[in-house]
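What follows is a single structure, written as structure tokens, with notes after it.
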Amino acid sequence: MMSGFDDIPFFDEEPAPRKQPPATGGIAARAMAARDRQQRPDYLSGLNPEQAEAVESLDGPVLVLAGAGTGKTRVLTTRIAHILSTGRAFPSQILAVTFTNKAAREMKERVGVLVGHAVEGMPWLGTFHSIGVKLLRRHAELVGLRSDFTILDTDDVVRLIKQIIQAEGLDDKRWPAKQFAGMIDGWKNKDLDPAQIPEGDARAFANGKGRELYAAYQNRLRTLNACDFGDLLLHPIRMFRSNPDVLKEYHDKFRYILVDEYQDTNTAQYMWLRLLAQRAKGVPQNVCCVGDDDQSIYGWRGAEVDNILRFEKDFPGAKVIKLERNYRSTEHILGAAAHLIAHNEGRLGKTLFTERTDPDDEKVQVHAAWDSEEEARAVGEEIEQLQRKSHKLNDMAILVRASFQMREFEDRFVTLGLNYRVIGGPRFYERLEIRDAMAYFRLVCQPADDLAFERIVNTPKRGLGDTTIRTLHDYARARDVPMLAAATDIIETDELKAKARKGLFDVVADFRRWQSLLETTPHTELAEQILDESGYTAMWQNDKSAEAPGRLENLKELIRSMEAFESLRGFLEHVALVMDAEQNENLDAVSIMTLHSAKGLEFDTVFLPGWEEGLFPHQRALDEGGRSGLEEERRLAYVGITRAKHRCHIWFVSNRRIHGLWQSTLPSRFLDELPNTHVEVAETEQSYGGYGRGGYGQSRFDKADPFQNNYSTPGWKRAQQNRSDATRDNWGSRSGHAVERIGYGESGPRSRTIDGELVAKSTSTEPSRFTVGDRVFHMKFGNGNISAIEGNKLTIDFDKAGQKRVLDGFVEKA
DNA sequence: AAGTAAGCGATTTTT
DNA sequence: TCGCTTACTT
């Protein structure tokens, strides 16, 4: 099994240059490769021909288009194993980049399985950011940092920006720091420094001060000796650009470069990669990017699908290998997914197939429910039924478009006593008490960390209020020293009142003591000591609120998780980069998560609720992203379906409560893009369909089996268009079934269209056709009397359902 | 400094 | 509508 690995040399760091393997592409190497191919080592024998080609094409640029479930990770890990076993590179000469820590971890583990002890010898396998940190710690001085720089998270960044906005004398309510943080992030994703941002962008914020503020922010980071996440990419880029000798060093070093999830790279990551990958002319670029354009779902946070689409132009002579043989899903699931994604334009074009055909495999099921409550109830029932057939809850997942959908399922599962776990959501290291504790630790390790200082200087309360902090802040800025240092000085003066001076004196003394213990005391012990002596633990012990015990528990957990690290510093770095905490694997539970966080996972049974226009595809994606927004939504749907191994159940409801108002909804257009042959509409004995749908036109989903006939005929399409327009009008007032298209009069409501498809229409504000006291009928709640009217929103006392607020388009005069 | 009142926004998320 | 953040009050 381990053939060929026993004689790999291992180095923690660089081997001596003359001991390097023969140059890639050389005759010797090719001969060796040929020999290896003949021998077909064990680790290659389990691969299909395409996978094997992806693994063995070591010379020159390679793009592996790996569809969902086609063994992408296997290819990557085996390729690394192959490089090592053929002696083409030492572990430290392979650069392997992933997006998430999870992916990096998984890759490390799997390479470990293949090559045993070599994993420790792969220092350059990690996320873009962790590799960036590694580069920066080595060359910090080249970008004006010290190598012990701190990494700020989003929360720190926002607080810092807020200070800067205030310092500029701007109103921080009119110009929210959070928004500006987002803008900076966007610029950094595009590899733009303050001088390079487009004039329009610069003007868009704070009366044209955008550029200034961005520059001020960067200056502040430098004085704080700190980086935000974007800098972890940008600083290395700048460093390479202005220090060709350093870049050359890494060119020589990295003989093979591998990139996972290439479709998710943003412009900065692309530049970073290109700098490292594009060597001198004539030298083969052994870069291998793996990705799937059909699974690009992060355009909204700066990912450029274009990077993968133009790979062949960027790397001339690139070999493109498609992996289309799927090992995960049934033919129905693949067929449904393929048909759906075929509606996108600008694809590289892959079609997944499987060799397994089992007549027992069920088709993808589409279910209709009356409202979200019934949807949750029905999914709960399905889950219980599967459970009765001894399916594991761990093998089931509910994948939602937006997190507000989760609640209904959680509520239902609580009543049923069904175990579930929510993936994503608020994370351990983002909790208040954890962040406070971390601020203490940070300040001990890095006395210049003003953000940490300000966070905890008066937590617990030490009588150091706003005025004191402001005085101290100004004092520090005037002398250009960190606040902790300023505090040390200021307590010698009489700038502060006696009470504040005493409080500050104690803080300074505490930190001085903890710092002196840093090298001598074991870090977990020191951490505990810090939390105790600072009074932080006591603060929560004295807190009577319901969450206090949980917070204390979290603090204990924090200390416990430090044990795995060698030092406080090492732990801090880990937390800055790896924000996730492990889930309890032992519990058998249904997973609930967003479609985005489901990427890369697989489940036996997948439930996809909420396939309604406006929710999925999401209205905002359409409004803000137009055609490409729609296509990204479609890719999201594709990701959702392809998570399923055996069963995929899609749901949509007719009524959903959005922002507290009940709204009638239309089945998602994606449902109509699913093929007959692999999809069936599930018979449900629920209330859906039992009601008259009063003038909303026919839908194939009104009938028991809409797939029987004409759902894709122009007639159906038109019917849906009618319904769509009619319903959208209900946001304003009802205007019948007129088909409104592009080209309204100047004064009329403006619609948005995507290639002629009507996607959104602004609300109109005509006076309501109802008056208080009217007797009305609502499809969901039945009869009732109007008790109040605000614009198009009616408050109605229903005979059975009680008081509800609904939009006037959904009721009729009774 | 804490507690209430008012206001705002409401996809998706990693590092 | 609801839940969270911020402002104002005591």
Side-chain angles (χ1 to χ4, degrees), chain A residues 97-104 126-133 151-158 162 172-173 176-179 182 185 188-189 227-234 261 264-266 268-269 296-303 399-407 423-427 429-430 432 458-467 543-545 573-580 593-600 610 614-625 629 632-633 635-637 639-640 656-663 790 793 795 803-807:
Chain A
V97 212
T98 64
F99 271 84
T100 63
N101 292 295
K102 201 177 152 210
T127 62
F128 277 101
H129 296 268
S130 66
I131 290 169
V133 172
I151 302 160
L152 303 185
D153 66 24
T154 343
D155 203 76
D156 295 324
V157 167
V158 171
K162 192 167 183 176
D172 64 296
K173 267 182 298 183
K178 226 173 162 181
Q179 190 195 336
D185 199 50
K188 290 192 172 178
N189 284 161
C227 281
D228 62 16
F229 284 123
D231 288 340
L232 298 181
L233 291 171
L234 293 199
E261 305 279 18
D264 287 338
T265 48
N266 61 36
Q269 285 154 341
S296 156
I297 55 175
Y298 285 112
W300 52 274
R301 68 175 196 211
L399 312 182
V400 298
R401 173 65 243 265
S403 39
F404 75 84
Q405 293 172 260
M406 293 179 181
R407 200 183 161 157
I423 315 261
R427 289 180 293 174
Y429 291 110
E430 280 167 11
L432 176 95
N458 199 32
T459 311
K461 301 273 178 282
R462 299 183 176 98
L464 302 166
D466 276 358
T467 6
D543 192 308
K544 307 264 177 305
S545 65
E573 177 127 325
H574 168 81
V575 174
L577 294 170
V578 184
M579 294 290 285
D580 55 349
M593 68 186 97
T594 63
L595 286 159
H596 283 92
S597 34
K599 193 168 78 153
L615 177 58
F616 193 35
H618 200 281
Q619 194 58 50
R620 270 182 79 165
L622 301 177
D623 289 350
E624 287 160 21
E632 185 154 309
E633 294 287 291
R635 291 194 288 269
L636 203 48
V639 167
R656 193 173 285 280
R657 207 167 60 166
I658 297 166
H659 309 329
L661 291 171
W662 282 98
Q663 293 184 203
E790 299 162 58
K793 291 168 196 144
T795 305
Q803 196 178 71
K804 303 274 174 192
R805 296 184 74 210
V806 294
L807 289 174

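Order of the sequence lines sets the chain letters (A, B, ...), proteins ahead of strands, with each chain counted from 1.
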Nearest-neighbour nucleotide for the [X] side chain, [options] considered:
{"X": "Ala621(A)", "options": "dT15(B), dT11(B), dG3(C)", "value": "dT11(B)"}
{"X": "Arg407(A)", "options": "dG3(C), dA1(B), dT13(B)", "value": "dG3(C)"}
{"X": "Lys162(A)", "options": "dG3(C), dT12(B), dT6(C)", "value": "dT6(C)"}
{"X": "Lys173(A)", "options": "dA2(B), dT15(B), dA7(C)", "value": "dA7(C)"}
{"X": "Arg401(A)", "options": "dT6(C), dT12(B), dG3(C)", "value": "dT12(B)"}

_Under-4.0 Å salt bridge between Lys188(A) and Asp228(A)_ = yes
*Lys599(A) and Asp264(A) ion-paired at < 4.0 Å*: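 Between Asp264(A) and Lys599(A) there is a salt bridge, with a charged N closer than 4.0 Å to a carboxylate O.
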*Among Leu636(A), Ile297(A), Val400(A), Val639(A), whose side chain to side chain contact (heavy atoms under 4.5 Å, CB included) with Leu595(A) holds?*
Leu636(A)
*Between Arg620(A) and His129(A), just flag the one whose closest nucleotide in DNA chain B comes earlier from the 5' side.*
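It is Arg620(A) whose nearest nucleotide is closer to the 5' end.
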*Residue closer to the 5' end of DNA chain B, Phe404(A) versus Leu577(A) (nearest nucleotide)*: Phe404(A)
_Using a 4.0 Å heavy-atom cut-off, does Thr154(A) contact any base of the nucleic acid, only the sugar-phosphate backbone, or nothing at all?_
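Base contact.
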*Select base, sugar-phosphate, or nothing to describe what Glu633(A) touches, counting heavy atoms under 4.0 Å on all strands.*
base
*Using the C1' atom in both, what is the distance from dC2(C) to dT13(B), to the nearest Å?*
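Straight-line distance between the two C1' atoms is 23 Å.
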*Span that lies between the C1' atom of dG3(C) and that of dT14(B), in whole angstrom*: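 Going atom to atom, C1' in each nucleotide, I get 25 Å.
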Just how far, in rounded Å, is [atom2] of [N] from [atom1] of [X]?
{"X": "Asp185(A)", "N": "dT15(B)", "atom1": "CG", "atom2": "C1'", "answer": "9 Å"}
{"X": "Leu615(A)", "N": "dA10(B)", "atom1": "CG", "atom2": "C1'", "answer": "12 Å"}
{"X": "Tyr298(A)", "N": "dT12(B)", "atom1": "OH", "atom2": "P", "answer": "11 Å"}

*Compare all side-chain heavy atoms of His596(A) with those of Arg401(A) and state whether any distance is below 4.5 angstrom.*
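Of all side-chain heavy-atom pairs linking Arg401(A) with His596(A), at least one is under 4.5 Å.
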*Once the angle between the rings of His129(A) and Phe229(A) is folded into 0 to 90°, is it parallel (under 30°), tilted (30 to 60°) or perpendicular (over 60°)?*
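It falls in the perpendicular class, over 60°.
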*Please indicate yes or no: is the ring centre of Trp300(A) less than 5.5 Å from the centre of the six-membered base ring of dT12(B), with the two planes inclined by under 30 degrees?*
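According to the criterion (under 5.5 Å, under 30°), yes, Trp300(A) stacks.
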*According to the 5.5 Å centroid and 30° plane-angle thresholds, does His618(A) stack upon the nucleobase of dT11(B)?*
yes
_Strictly below 4.0 Å: does Asn101(A) bring a side-chain N or O up to OP1 or OP2 of dT14(B)?_
no
*Is the shortest side-chain N/O distance from Ser403(A) to OP1 or OP2 of dT11(B) below 4.0 Å?*
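Checking dT11(B) against Ser403(A), no side-chain N or O comes under 4.0 Å of OP1 or OP2.
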